[in-house]
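What follows is one structure encoded as structure tokens, with my remarks underneath.
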There are 2 protein chains.
Amino acid sequence: MQHKPINTLIVDDHPMVIEGLKTLLGDDDRVAIKTHFVNGTDTLSFLKEDTVDVILLDVNLPDINGVEMVTKILNIRANIGIIGLSTYSEPSIINQMIKNGVKGYLLKNATADELVNAITQVHQGNFYFGSEVQKILADSVTQESRDLPKLTRREKHVLTLIAEGKTTNTIADELFISPLTVETHRRNLMQKLEVSNAASLIKIAVEKQLI
Amino acid sequence: MQHKPINTLIVDDHPMVIEGLKTLLGDDDRVAIKTHFVNGTDTLSFLKEDTVDVILLDVNLPDINGVEMVTKILNIRANIGIIGLSTYSEPSIINQMIKNGVKGYLLKNATADELVNAITQVHQGNFYFGSEVQKILADSVTQESRDLPKLTRREKHVLTLIAEGKTTNTIADELFISPLTVETHRRNLMQKLEVSNAASLIKIAVEKQLI
DNA sequence: ATCAATATACTGGAAAACCAGTAGAAAAAA
DNA sequence: TTTTTTCTACTGGTTTTCCAGTATATTGAT
């Protein structure tokens, strides 16, 4: 069964990348490259007039940053599938992009197969992330929940209660121990985690997703 | 081109679901159902001896909960693709499952097409999430960053600084304003967000990802 | 130009958190 | 069993946060 090709838009400020993509995708009749733009502004005004199925979006545009672009594009056309593209990859940026609604993410060393696969899947409303991207994301997750100094069970428990915004007295009540003890735990926690107030304590707790 | 079928394992404690899956997948020669289990323990001991390509994993098993199962399975066989299955869907659980390494997630009303697609994609190392699941995840994201009462620019700024663990005086210095003013902002923040200490303030800030 | 919202700043007092040091009981590890 | 770690609890004192109320300058919108 032969569907009609997926209308695809390339947004990248590097002519080489544009040509490369056109060549890589040119042979495949499942994908049709409609046109391309080299900046965000032109892309957005185009989308107000016309539309496409999928956008291959460079994350480092000269005028508008990738994360914002995603929001703006989806604001104009909610059902366009966006695939992020970048050469290197910072987990936090990828995470933000995903949160804002990209359906796929590829590094620029992606193969033609990967590209077509990504475009097809995203067009069908599914996610597609290149294997390198997945690795990066996985690493960033494990890294977070890793290296917090060895806290005792009790300390962890107290920490979560602190992080829930409970006061020393409340915690003491809840654990049937003296407020003074809770204080001691708190102090030990602060020392172990090298901070000097409950605020930072909570920040850490949340980051290491203890809560 | 005809590949050899993807070896799939079903883990679910509802016989009806098992039979249903077998029927739905039985016609498709891209997928071969190796066997099935009705609880977590049996599944894990099987995996110590033998392996499969993809597991369709019910999230509500009688003995071991879904989130733990994912970790345990990947501990034994890191390169099995796991697809979560559940009837209803709580965002937080799905999120946890993803964090622990599931590559796909479907509701039990998935069509045969979706099932095969999910299995194929996951087997290739890609993600696959059913459209309803995606909707649920998207909602939960927007919900989080949604309804925080309208804070003023300054208040948001102060909030982020508080959330970074900075003390009132530090913040005052940084913003070139009086500590008393910072205090006022803090108090307004607490009032608007309906909490009674900086701790909870930070918790909220983090949850609504203001930082 | 005017009105509302925001940002700024204060007083004064109560509550909670933070700091430093000590120490006994219970549990876990050697 | 002995040793170490963890959990418990205290004294005494300093700092910071929290609460309530007030008030003025600045900014933004109509």
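This structure is a prediction, so every number in the text was calculated from the model and none was measured. Reminder, nothing fancy here: chain letters follow the sequence lines and each chain counts from 1.
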Could you state the atom-to-atom distance from [atom1] of [X] to [atom2] of [N] in whole Å?
{"X": "A:Asn169", "N": "C:dC18", "atom1": "CG", "atom2": "C1'", "result": "15 Å"}
{"X": "B:Glu183", "N": "D:dG21", "atom1": "CD", "atom2": "P", "result": "16 Å"}
{"X": "A:Leu201", "N": "C:dC18", "atom1": "CG", "atom2": "P", "result": "8 Å"}
{"X": "A:Leu161", "N": "C:dA17", "atom1": "CG", "atom2": "P", "result": "13 Å"}
{"X": "A:Met190", "N": "D:dT16", "atom1": "CE", "atom2": "P", "result": "13 Å"}
{"X": "A:Asn188", "N": "D:dT6", "atom1": "CG", "atom2": "P", "result": "10 Å"}
{"X": "B:Leu189", "N": "C:dA7", "atom1": "CG", "atom2": "P", "result": "10 Å"}
{"X": "A:Leu151", "N": "D:dT5", "atom1": "CG", "atom2": "C1'", "result": "14 Å"}

- Message: Is any side-chain heavy atom of A:Leu47 closer than 4.5 Å to one of A:Ile80?
- Response: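 In contact.
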- Message: Within the structure provided, determine whether A:Leu9 and A:Thr43 are in side-chain contact (heavy-atom separation under 4.5 Å).
- Response: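 They are in side-chain contact.
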- Message: Can you identify which nucleotide, out of D:dC7, C:dT8, D:dA9, has its nearest atom closest to the A:Thr184 side chain?
- Response: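 The closest nucleotide is D:dA9.
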- Quick one: which of C:dT8, C:dC18, D:dC7 gets closest to the side chain of A:Glu155?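 My answer, after comparing the listed nucleotides, is D:dC7.
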Are OP1 or OP2 of [N] and a side-chain N or O of [X] less than 4.0 angstrom apart?
{"X": "B:Thr181", "N": "C:dA9", "value": "yes"}
{"X": "B:His185", "N": "C:dA7", "value": "no"}
{"X": "A:Arg153", "N": "D:dT6", "value": "no"}

- Task: Measure from the ring center of A:Phe127 to the ring center of B:Tyr128 and say whether it is less than 6.0 Å.
- Result: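 Ring centroids of A:Phe127 and B:Tyr128 are no less than 6.0 Å from each other.
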Categorize [X] for me: base, sugar-phosphate, or nothing, with a 4.0 angstrom heavy-atom threshold over every strand shown.
{"X": "B:Ser196", "value": "sugar-phosphate"}
{"X": "A:Ile177", "value": "sugar-phosphate"}
{"X": "B:Arg187", "value": "base"}
{"X": "B:Ser178", "value": "sugar-phosphate"}
{"X": "A:Thr168", "value": "sugar-phosphate"}

- Query: Above 12 or not: heavy atoms from other molecules or residues under 6.0 Å from CD of A:Gln191?
  - Reply: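 For A:Gln191, atom CD is not crowded (no more than 12 foreign heavy atoms under 6.0 Å).
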- Task: Pick out which of B:Val59, B:Val11, B:Ile10, B:Leu106 makes a side-chain contact (heavy atoms from CB on, under 4.5 Å) with B:Leu85.
- Result: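 Only match with B:Leu85 under side-chain contact (heavy atoms from CB on, under 4.5 Å): B:Leu106.
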